[in-house]
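The next block holds one structure in the form of structure tokens; read it before the comments.
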Amino acid sequence: KNEVEQSPQNLTAQEGEFITINCSYSVGISALHWLQQHPGGGIVSLFMLSSGKKKHGRLIATINIQEKHSSLHITASHPRDSAVYICAVRSGNQFYFGTGTSLTVIP
Amino acid sequence: DSGVTQTPKHLITATGQRVTLRCSPRSGDLSVYWYQQSLDQGLQFLIQYYNGEERAKGNILERFSAQQFPDLHSELNLSSLELGDSALYFCASSAAPGTWGAQYFGPGTRLTVT
């Protein structure tokens, strides 16, 4: 059983669409991260959340601690958003990762 | 550019061999994390160091070891390599010690074991 589950696994969207990626986890956490991995392999940390909501540009991340669920939203999606988005949580001294959501945004 | 450097970029070696991967954190960051990303297992946390001391340990095999030096760079040593060790190895750094603060990832080292 995976401690972190993401959905969907794959997502294709038209440019301009609103996108939601979901993450559910089964362990107690101190923080949740959203990571972006580009086709070339590089990883960028987008958000770190322990409660509430954060916004950066067109990206919004929310977390519901009681429901053990987080969402990453992308507004007005653009082809350059095409990447794999990975949800990761810290639980105690351990870190668990989702398997990622592969997003393709078509012009 | 995250400010985290990793060398080498690519490494091809044979089974049974030993390799060392190097990571230099962002200036001022005291924490270094090592991760393995393989096709079948995804991203996995290996180990964290903070200011030279081991802080947290994940799914790191006994054949693997790491250390962080006084100048804060870190090395990940992989020995008795097996085909299944082929993966991308990332290091990341952060200013935060015990909590998992914002992390900055290096470009990764792609290890191929033949």
Side-chain angles (χ1 to χ4, degrees), chain A residues 1-10 21 23-25 27-51 54-57 59 61 63 65 70 72 83-103, chain B residues 1-6 8-11 21 23 25-26 29 31-50 53-60 86-112:
Chain A
K1 181 188 182 301
N2 292 332
E3 290 81 3
V4 180
E5 301 277 358
Q6 281 185 241
S7 64
Q9 274 194 311
N10 297 285
I21 299 170
C23 173
S24 295
Y25 53 91
V27 293
I29 69 168
S30 54
L32 180 145
H33 284 242
W34 282 102
L35 309 174
Q36 180 192 55
Q37 185 167 29
H38 287 283
I43 296 177
V44 174
S45 178
L46 298 174
F47 294 104
M48 183 185 72
L49 296 161
S50 53
S51 64
K54 286 191 176 178
K55 184 175 189 291
H56 181 70
L59 273 58
I63 188 169
I65 298 294
S70 175
L72 176 68
V84 175
Y85 293 83
I86 301 167
C87 172
V89 301
R90 174 161 186 159
S91 178
N93 272 344
Q94 292 304 312
F95 305 88
Y96 303 102
F97 294 87
T99 53
T101 294
S102 179
L103 171 66
Chain B
D1 183 1
S2 66
V4 178
T5 60
Q6 287 187 251
K9 270 191 172 179
H10 302 275
L11 198 46
L21 312 184
C23 169
R26 283 190 331 153
D29 283 357
S31 264
V32 170
Y33 305 79
W34 285 98
Y35 300 98
Q36 179 194 58
Q37 186 177 39
S38 59
L39 279 174
D40 57 342
Q41 301 228 10
L43 263 170
Q44 289 195 91
F45 166 64
L46 296 178
I47 198 163
Q48 176 199 359
Y49 277 83
Y50 175 74
E53 301 285 329
E54 183 184 303
R55 182 59 69 114
K57 211 167 191 175
N59 298 324
I60 189 165
S86 296
L88 258 174
Y89 291 84
F90 289 100
C91 85
S93 74
S94 76
T99 57
W100 193 23
Q103 293 193 15
Y104 298 85
F105 284 78
T109 292
R110 185 173 295 279
L111 174 66
T112 303

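Chain A is the first sequence line, chain B the second, and so forth, proteins listed ahead of strands; every chain is numbered from 1.
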> Under a 4.5 Å heavy-atom cut-off, does chain A meet the side chain of Q44(B), its backbone, both or neither?
Replying inline: backbone
> So do the side chains of Q37(A) and F90(B) get within less than 4.5 Å of each other, counting heavy atoms only?
Replying inline: yes
> Does any non-hydrogen side-chain atom of L43(B) lie less than 4.5 Å from one of T99(A)?
Replying inline: no
>> The criterion is side chain to side chain contact (heavy atoms under 4.5 Å, CB included); which residues satisfy it with S51(A), sequence neighbours excluded?
In response: none
> Any chance CZ of R26(B) has more than 12 other-residue heavy atoms, nucleotides or ligands included, within less than 6.0 Å?
Replying inline: yes
> Do you know the tightest heavy-atom contact between N93(A) and R55(B)?
Replying inline: ND2-O, 3.7 Å
> Can you name the side chain to side chain donor-acceptor pair (under 3.5 Å) partners of Q94(A), sequence neighbours left out?
Replying inline: none
>> Can you confirm whether V44(A) sits close enough to F105(B) that some side-chain heavy atom of one is under 4.5 Å from a side-chain heavy atom of the other?
In response: no
>> Give me the atom names and distance for the closest heavy-atom approach of F95(A) to A56(B).
In response: CE1-CB, 4.5 Å
>> Show, in sequence, the C-alpha distance, side-chain angles and deciding distance for F45(B) and Y96(A), and conclude whether the side-chain contact (heavy atoms from CB on, under 4.5 Å) test is met.
In response: CA-CA 7 Å; F45(B) 166 64; Y96(A) 303 102; over 6 Å; no
